[in-house]
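Quick note on labels: first sequence line is chain A, next is B, and so on, each numbered from 1.
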There are 2 protein chains.
Amino acid sequence: MGRRSSHTAEELRELILDASTMLISEGGLASLSAREVARRIGYSPGTLYNVFENLDDLILTIEGRLIDGLAAELDQVLSIGSPKEKALALGRAYIKYTSEKPKLWNLLFEHHLPAGREVPTWYQQKIDGIMERVESAIAPMMPDSKPEVIKRTAQVLWAGVHGITSLATADKLSIAKSEGAGPLVDNLIITYLAGLKQGS
Amino acid sequence: MGRRSSHTAEELRELILDASTMLISEGGLASLSAREVARRIGYSPGTLYNVFENLDDLILTIEGRLIDGLAAELDQVLSIGSPKEKALALGRAYIKYTSEKPKLWNLLFEHHLPAGREVPTWYQQKIDGIMERVESAIAPMMPDSKPEVIKRTAQVLWAGVHGITSLATADKLSIAKSEGAGPLVDNLIITYLAGLKQGS
DNA sequence: TTTCATGGGACGTCGTTCGTCGCATACGGC
DNA sequence: GCCGTATGCGACGAACGACGTCCCATGAAA
């Protein structure tokens, strides 16, 4: 066939990412296949490998965009309010973002690199960015605490919110359905923060 | 070939489950394949389908055994202590159990039934059994609370513990490594329970 | 003319199905 | 009680249509 160039390299990249994202949001990671993506964009499977190293590379790119999207949502919510209100807003924003496209967000936890391969640096940095936002939101509540304590508090809160969302979405462990996750997250944040204030 | 009968039906079933469990604990769900299991037990792939309906059936059976194993661990820990001590013990038992074979436990969250298929009743019941243990452990702490409140409290605590374990194991979201999950879980339970007491 | 994006075949993998084969057992005749 | 045959059924393994990935001849763009 030869150079067709109906799309530039960047266009092709977006085409692939869009089709892949759509496939995953519809049927989860299992629905993603190089051949199906190629079919949908009207190229052959081999062409994907001119743009991405392999499917893992493609998937990691999508994961990166998901984290970026969450970070943007969190920023929108962090401009005003007391620390406690910010913490609540962060939890609610997480629920909102992840429940809009649960299959897509679940990608972050369904997908694992093959044994021995590590996530790239940029990926870990994006994740660190999320945690930093949580830390800076709650830091004013604990002015006398050491940074490690603040960090640990942020980790516990964040992991707790994630756990509720994750179990609710997967419908596992007898957690109420997704619309019930909101109250649980509020309850966790309010009660945990109350315990923090009292405990110190 | 014909009937070989070097193993009874039950022996064969155990053989298959053992080999599959080993494969998953070593390399995660991705390492499980009907052909590899058959290879390891010295049978042909087709034979697996005399014993299990398909791979999902096989996987669900392994998941069931995992939940049973956790339930047994929780029971061992629930015999003595104050409610608060029991709650802490439950969290620590969860961490201990899941961190012994992380890839295996992760199966519960990596594996999804194909679209449209629901988990069998016995599966949901096993999961309900776990939640009931948590509820009955913390119920004495909240004698004046309505059952729904106790249930919600158990859900929040349990999901929180799961979230910490999950993110620590997957090494995602900047949570400290696995050995660091213990302190985080303790912190969550102690602080959340303190907030509960104060809030009421 | 040179370059290089692209198509598409090839390889080895997978889950699953199913016709076939032959062992273990049950039964018949003696 | 024994032997030979018939039957039932467990296991095999080829076959099918998928999959990820690689590779290179091709032919359009530069």
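In this structure the side chain of F109(B) reaches within 4.5 angstrom of the side chain of L167(A), judged on heavy atoms. With contacts defined as side-chain heavy-atom distances shorter than 4.5 Å, the pair L17(B)/R65(B) qualifies.
A donor-acceptor pair under 3.5 Å is absent between the side-chain atoms of Y43(B) and the main chain of V37(B), judged by distance alone.
For D68(A), the side chain to side chain donor-acceptor pair (under 3.5 Å) test picks out K126(A), with sequence neighbours left out. For E63(A), the side chain to side chain donor-acceptor pair (under 3.5 Å) partners are H111(A), Y123(A), not counting sequence neighbours. Here S31(A) pairs with nothing under the side-chain contact (heavy atoms from CB on, under 4.5 Å) rule; sequence neighbours left out. In terms of the side-chain contact (heavy atoms from CB on, under 4.5 Å) criterion, S136(A) has no residue partners (sequence neighbours excluded).
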**Message:** Go through it in stages, so that I can follow the logic: the residues are L188(A) and I164(A), the test is side-chain contact (heavy atoms from CB on, under 4.5 Å), and I'd like the CA-CA distance, side-chain angles, deciding distance and then a yes or no.
**Reply:** CA-CA 9 Å; L188(A) 168 68; I164(A) 292 172; 4.0 Å; yes
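Between the OH atom of Y43(B) and the C1' atom of dC23(C) there is a distance of 13 Å, given to the nearest Å. When the P atom of dG7(C) is taken as reference, atom CZ of R39(A) falls 14 Å away, rounded to whole Å.
For the segment residues 47-56 of chain B, the set of residues with a heavy atom within less than 4.0 Å of an atom of DNA chain D comprises T47(B), N50(B), in numerical order. Scanning residues 26-37 of chain B for heavy-atom distances under 4.0 Å to DNA chain C yields L32(B), S33(B), A34(B), R35(B).
Residue L12(A) is classed as a sugar-phosphate contact, given heavy-atom separations below 4.0 Å to backbone atoms only.
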